[in-house]
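Structure first, commentary second.
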Amino acid sequence: MIKELINGDCVNVNINLLSKKLGIHRATVQKKVRKLMEEEVLTQPAYTFPALFQLYPLLVLVWADVPRNDKTARFFFEDPHVFAAFSCMEGPYNTFLIEYFQDMEHYHLWRDSLVREGKLPERLNRAAADPYMLSNKMMFKNDPSCFLSLLREELELSGKVNVGEWAMDSLSFEILVALIKGDCVWTNHSRLSKKLDMHRKTVTRRLNRMLRDKTLEHPRCQFPHLLMPPGFNMVVTRIGLRSRREEFRRALVEDSNVPRAYDAITGPHNFVAFTAFRRIDDFFDWGEKLNDRFPGEITAMTNSVLSSRKIHTTRQQKISLGLVERKLKEMVQNKSRSNKNKYN
C-alpha cells in the first residue's frame, strides 16, 4: 500500500475542486495543470514518506571522481541509495552525490559491492572519494516549498515567473502554489482498494493510521529536483559558527533560499544547509547578508556550487521505493524461512 501511494498511483489533481477554489473555468485549469507537468515544473502528485529519514538515518554527501560512460549513468539512475548526482568541479572530483543508508555498516557493505558487482569500474588512477556524513535525525528543516515566496516576489515585480525555458503567468503560479501545498489533490480509495484487493474501509483506516503516525504525509506535487525549482542552482553550504547557534538555526528555518538544513559536528562545521539560487550573484548576496547579520560569528564556510544544467539524476521517489522493495523482499524471505521451520 505504501509503495502504491508514494509512487502516486490512485492519486490525482481534483480539477473540479481546483477550478472552484480559483474561480476559473474547469477547462482552463486542466490546460494549465497539464502545462505545468509537460514543462516539468511539477511532478505528478504523490504521498511523501517522512519515515524514510528514520529508516535511513545516515545521509552521505560524496565528492567523487567517476568516469562518464553508460555504466555509471545507469548506476546514478538505478541505484536505490543514490538520491542525486551532479557534475562538479572541485579539486580532483567531477561528481557530487547524495546517498541514503541505514547505518555505517550498510554504507560500507554497499561501497564494497560497487566494483565487485560491476556497477562502477575499479578506481585505478582515479582519486579516492571524499564522503561527508550527516544524520537525518539532526535535520531541523525540510521545506522544499520555501521557494514559493521568492517566486511570488518575482511574479509581483515582472508579472511572470521564469521556470526553465517557460515564463509562467499569474494563474499558472496560483495553481502551482495550490498543488505544492497539496490543495485539491485527492486519493481514489475505491481504485486503490481494487488494486490491492482490499476492502475500501480497510484501505481508508490503514491510510489514516499511517498519516497519523507520520509514516506518510498528505499527497502533493513537488519540484522535479525537490531541493530547487527549475532553473535554480544548488549550493551545499557547510558553516562553522562560534556562538548564537539557536539564533542562527532560526535564521535558516526562516530563510526562503534554504529548503533543508542540518546540525553537524564535522571538522570546523556545525551546520550544513542545502541552498538554491537563480543566479550565482544571488548566492554571494545571501552570504554577505548572513555575515552582516552574524558579524564575527561565522568561522568557516565551505560551498559546493551545483548547476541545474549538470544534473545526472534527482529521482525523488527512488530511495523510498527502493527501501519499500527491500522491506517487502525481507518479509517474503522471513515468511519462507518461517514456513520451512514450521514443517521441519
Side-chain angles (χ1 to χ4, degrees), residues 6-7 38-41 43-44 52 56 58-134 136 164-165 222-238 260 272 274-277 280 302-326 329:
I6 62 178
N7 205 33
E38 288 173 351
E39 294 290 335
E40 298 184 344
V41 176
T43 63
Q44 294 290 333
L52 172 71
Y56 276 175
L58 178 62
L59 185 77
V60 186
L61 311 181
V62 183
W63 289 261
D65 180 14
V66 181
R68 296 286 183 263
N69 54 44
D70 291 343
K71 179 185 286 187
T72 56
R74 189 163 57 251
F75 163 69
F76 294 150
F77 191 75
E78 294 178 356
D79 192 275
H81 295 285
V82 178
F83 162 66
F86 294 79
S87 289
C88 72
M89 291 185 291
E90 292 191 46
Y93 305 118
N94 64 4
T95 306
F96 173 81
L97 302 103
I98 304 174
E99 303 163 350
Y100 286 79
F101 296 94
Q102 182 177 325
D103 50 35
M104 286 294 292
E105 180 184 11
H106 188 201
Y107 169 64
H108 284 295
L109 290 173
W110 174 83
R111 278 285 303 270
D112 286 345
S113 72
L114 294 181
V115 174
R116 187 176 66 250
E117 295 178 3
K119 293 182 178 180
L120 289 178
E122 291 186 45
R123 189 167 73 200
L124 299 177
N125 296 322
R126 293 183 289 115
D130 181 16
Y132 188 96
M133 312 291 182
L134 290 168
N136 280 319
E165 303 299 323
Q222 300 188 79
F223 295 121
H225 299 309
L226 187 62
L227 298 178
M228 56 184 180
F232 277 53
N233 301 301
M234 189 164 79
V235 184
V236 180
T237 301
R238 292 174 283 172
R260 188 177 289 184
V272 175
F274 290 85
T275 66
F277 304 86
I280 293 299
T302 306
N303 301 295
S304 294
V305 180
L306 305 164
S307 170
S308 60
R309 296 178 181 271
K310 296 297 180 182
I311 299 172
H312 298 290
T313 184
T314 50
R315 295 179 63 197
Q316 296 181 62
Q317 306 297 62
K318 182 178 67 167
I319 306 295
S320 299
L321 290 170
L323 174 59
V324 172
E325 290 282 5
R326 184 169 71 85
K329 186 177 180 180

Exercise for the section: To the nearest 0.5 Å, tell me how far Arg74 CZ sits from Leu120 CG. Expected result: 11.0 Å
Handout entry: Contact check, side chains of Ser304 and Glu90, non-hydrogen atoms, under 4.5 Å
Key = yes
Handout entry: Gap between atom CE of Met104 and atom CZ of Arg111 - 0.5 Å precision
Key = 10.0 Å
Practice task
Tell me, yes or no, whether the heavy-atom count around Asn69 atom CG, taken from other residues, nucleotides or ligands under 6.0 Å, exceeds 12.
Solution key: yes
Practice task
Tell me, yes or no, whether the heavy-atom count around Lys310 atom NZ, taken from other residues, nucleotides or ligands under 6.0 Å, exceeds 12.
Solution key: no
Fill in the blank from the handout: On a heavy-atom basis, the closest approach of Ser308 and Asn233 is N-OD1, 3.0 Å
Handout entry: Side-chain donor-acceptor pair present, Arg309, Ser87, cut-off under 3.5 Å
Key = no
Exercise for the section: Fit a plane to each ring of Phe96 and Phe86, take the angle between them on a 0 to 90° scale, and name the class: parallel (under 30°), tilted (30 to 60°) or perpendicular (over 60°). Expected result: tilted
Fill in the blank from the handout: Taken to the nearest 0.5 Å, the spacing of Glu117 CD from Asp112 CG works out to 10.5 Å
Practice task
Look at the side chain of Lys119 and the backbone N and O of Ser113, then say whether any donor-acceptor pair between them is shorter than 3.5 Å.
Solution key: no
Problem - Atom of Pro121, atom of Val115 and distance for their closest heavy-atom approach - result: O-CG2, 3.7 Å
Problem - Check: Ala128 main-chain N/O paired with Tyr93 side-chain donor or acceptor under 3.5 Å - result: yes
Completion exercise
Taken in chain and number order and not counting sequence neighbours, the residues that satisfy ring pair (Phe, Tyr, Trp, His ring centres under 6.0 Å) with Phe277 are Phe283, Trp286
Exercise for the section: Identify the two heavy atoms, one from Val62 and one from Glu99, that lie closest to each other, and give their separation to 0.1 Å. Expected result: CG2-OE1, 3.5 Å
Problem - Enclosure of Glu105 CD (heavy-atom neighbours >12, cutoff 6.0 Å) - result: no
Handout entry: pair Tyr100-Asn136: side-chain heavy atoms closer than 4.5 Å
Key = yes
Exercise for the section: State, with a plain yes or no, whether a side-chain heavy atom of Arg68 is found less than 4.5 Å away from one of Asn94. Expected result: yes
Problem - Spacing of Asn7 atom CG and Leu321 atom CG [to the nearest 0.5 Å] - result: 5.0 Å
Exercise for the section: Take atom CE of Met89 as the centre, draw a 6.0 Å sphere, and report whether it contains more than 12 heavy atoms from other residues, nucleotides or ligands. Expected result: no
Completion exercise
With sequence neighbours left out, the residues meeting side-chain hydrogen bond (donor to acceptor under 3.5 Å, both in side chains) with Ser320 are none
Handout entry: Point-to-point distance, once rounded to the nearest 0.5 Å, from CD1 of Ile98 to OH of Tyr132
Key = 13.5 Å
Exercise for the section: Measure the shortest side-chain to side-chain distance between Asp65 and Pro92 over non-hydrogen atoms and say whether it is less than 4.5 angstrom. Expected result: no
Problem - Exercise: identify the closest heavy-atom pair between Pro230 and Phe223 - result: CD-CD2, 3.8 Å
Exercise for the section: Verify, without hydrogens or angle tests, whether Arg260 (side chain) and Phe274 (backbone) share a donor-acceptor contact under 3.5 angstrom. Expected result: no
Problem - ring pair (Phe, Tyr, Trp, His ring centres under 6.0 Å) partners for His106, two or more places apart - result: Tyr56, His81, Phe101
Practice task
Specify the closest pair of heavy atoms between Met228 and Ala276, including all atoms of both residues, with the distance to one decimal.
Solution key: CB-CB, 3.6 Å
Handout entry: Atom CD of Glu40 with >12 non-hydrogen neighbours under 6.0 angstrom
Key = no
Problem - Minimum heavy-atom distance Leu306-Cys88, with the two atoms named - result: CD2-CB, 4.0 Å
Practice task
Calculate, to the nearest 0.5 Å, the distance between atoms CG and NE2 belonging to Asp103 and His108 respectively.
Solution key: 9.5 Å
